[in-house]
Amino acid sequence: MTVPLTSSLYRTTAHAVGGRSGSVHTDDRRLDLRLAPPRKKVPGTTNPEQLFAAGFAACFTSALAEVAAEYGADASAARVACEVRLGTTDTPAGYGLAVALTVGLPGWRAADLRPLLHRADAVCPYSQAVRGNVPLMLTALDDPAAHDRT
């Protein structure tokens, strides 16, 4: 289901030239990168999947902090790893993505963290953008120190 914006809080534009073997930059040039296909190890380059993973990880971390604050918790020390996989599919397009978010929060047990992850998933703009189109796996990590205090 497409959900239209009711207001715009931020807008940016990125420009790509040359596809996966070219470059990408934003209008303000705060991002200005050379690209190479994922399997090529070209020094000083990145690829679209790495950029997507970085954006998703950062956005989800902010969503988690917002949700944790609603519960009176501090998630500023959260560690979010976002794995993006590019692969083939049995669709006419032939290619697709899969995403896995792995989240740890010092002092938290995985069982206690999971509800916050699901709530963060509900409010994260990246999660909303891929919902129903890209497989997304959420994993909460256990902090062994959390068990030592009980």
Side-chain angles (χ1 to χ4, degrees), residues 1-71 73 75-106 108-143:
M1 173 176 86
T2 302
V3 179
L5 295 177
T6 55
S7 68
S8 181
L9 302 175
Y10 175 74
R11 179 174 61 198
T12 188
T13 303
H15 305 270
V17 176
R20 291 178 173 273
S21 295
S23 64
V24 63
H25 71 271
T26 54
D27 281 342
D28 61 8
R29 295 286 179 164
R30 290 174 67 187
L31 181 72
D32 194 348
L33 303 168
R34 291 180 34 229
L35 301 173
R39 288 186 256 183
K40 291 191 178 180
K41 306 293 185 218
V42 179
T45 65
T46 189
N47 61 62
E49 291 72 30
Q50 290 175 321
L51 295 170
F52 187 75
F56 205 146
C59 189
F60 196 86
T61 303
S62 291
L64 180 62
E66 181 180 315
V67 167
E70 292 173 7
Y71 292 92
S76 61
R79 297 290 182 253
V80 177
C82 179
E83 176 187 79
V84 172
R85 291 184 299 134
L86 169 67
T88 59
T89 64
D90 291 330
T91 65
Y95 296 99
L97 298 174
V99 174
L101 293 168
T102 304
V103 182
L105 185 58
W108 283 70
R109 294 179 181 187
D112 297 328
L113 185 55
R114 276 188 207 98
L116 293 180
L117 297 189
H118 291 289
R119 178 75 181 114
D121 177 54
V123 300
C124 174
Y126 273 68
S127 291
Q128 291 177 43
V130 303
R131 194 171 334 288
N133 188 45
V134 173
L136 173 61
M137 183 171 61
L138 297 172
T139 302
L141 297 178
D142 224 8
D143 179 0

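Just so it is clear, the model here is predicted, and its values are computed rather than measured.
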Verify side chain to side chain contact (heavy atoms under 4.5 Å, CB included) between V130 and L97, making sure each step is shown before the conclusion.
CA-CA 10 Å; V130 303; L97 298 174; over 6 Å; no
Quick one, L136 with L101, criterion side chain to side chain contact (heavy atoms under 4.5 Å, CB included). Give me CA distance, side-chain angles, the key distance, then yes/no.
CA-CA 8 Å; L136 173 61; L101 293 168; 4.0 Å; yes
Measuring only between side-chain heavy atoms, which start at C-beta, is W108 closer than 4.5 Å to L116?
yes
Is there side-chain contact between V103 and L138, with heavy atoms separated by less than 4.5 Å?
no
Does H25 offer a backbone N or O that forms a donor-acceptor pair with the side chain of D32 under 3.5 Å?
no
Does D27 offer a backbone N or O that forms a donor-acceptor pair with the side chain of T13 under 3.5 Å?
no
Checking side-chain contact (heavy atoms from CB on, under 4.5 Å) between V67 and each of L117, V123, D121, which is the one that passes?
V123
Do you know which two heavy atoms are closest between [X] and [Y], and how far apart they sit?
X	Y	result
K41	P43	O-CD, 3.6 Å
P106	A77	CD-O, 3.5 Å
P38	N47	CA-ND2, 3.6 Å
V134	A98	CG1-CA, 3.9 Å
A140	A110	O-CB, 3.5 Å
T89	G96	CG2-N, 3.7 Å

Taking atom [atom1] of [X] and atom [atom2] of [Y], what is their separation to the nearest 0.5 Å?
X	Y	atom1	atom2	result
C124	E66	SG	CD	10.0 Å
T139	R114	OG1	CZ	8.5 Å
D143	L105	CG	CG	8.0 Å
M137	T102	CE	OG1	6.5 Å
L51	L33	CG	CG	6.0 Å
L35	Q50	CG	CD	9.5 Å

Give a yes or no on this: more than 12 heavy atoms of other residues, nucleotides or ligands lie within 6.0 Å of atom CZ of R131.
yes
Take T45 and K40, measure what side chain to side chain contact (heavy atoms under 4.5 Å, CB included) needs, and give me the verdict at the end.
CA-CA 9 Å; T45 65; K40 291 191 178 180; over 6 Å; no
Just do the side chain to side chain contact (heavy atoms under 4.5 Å, CB included) check on Y95 and T88 with the steps written out, would you?
CA-CA 4 Å; Y95 296 99; T88 59; 4.3 Å; yes
Using 30° and 60° as the class limits, which term best fits the ring planes of F56 and F52: parallel, tilted or perpendicular?
perpendicular
Salt-bridge test for R20 and E49: reply yes if a basic N is under 4.0 Å from a carboxylate O, no otherwise.
yes
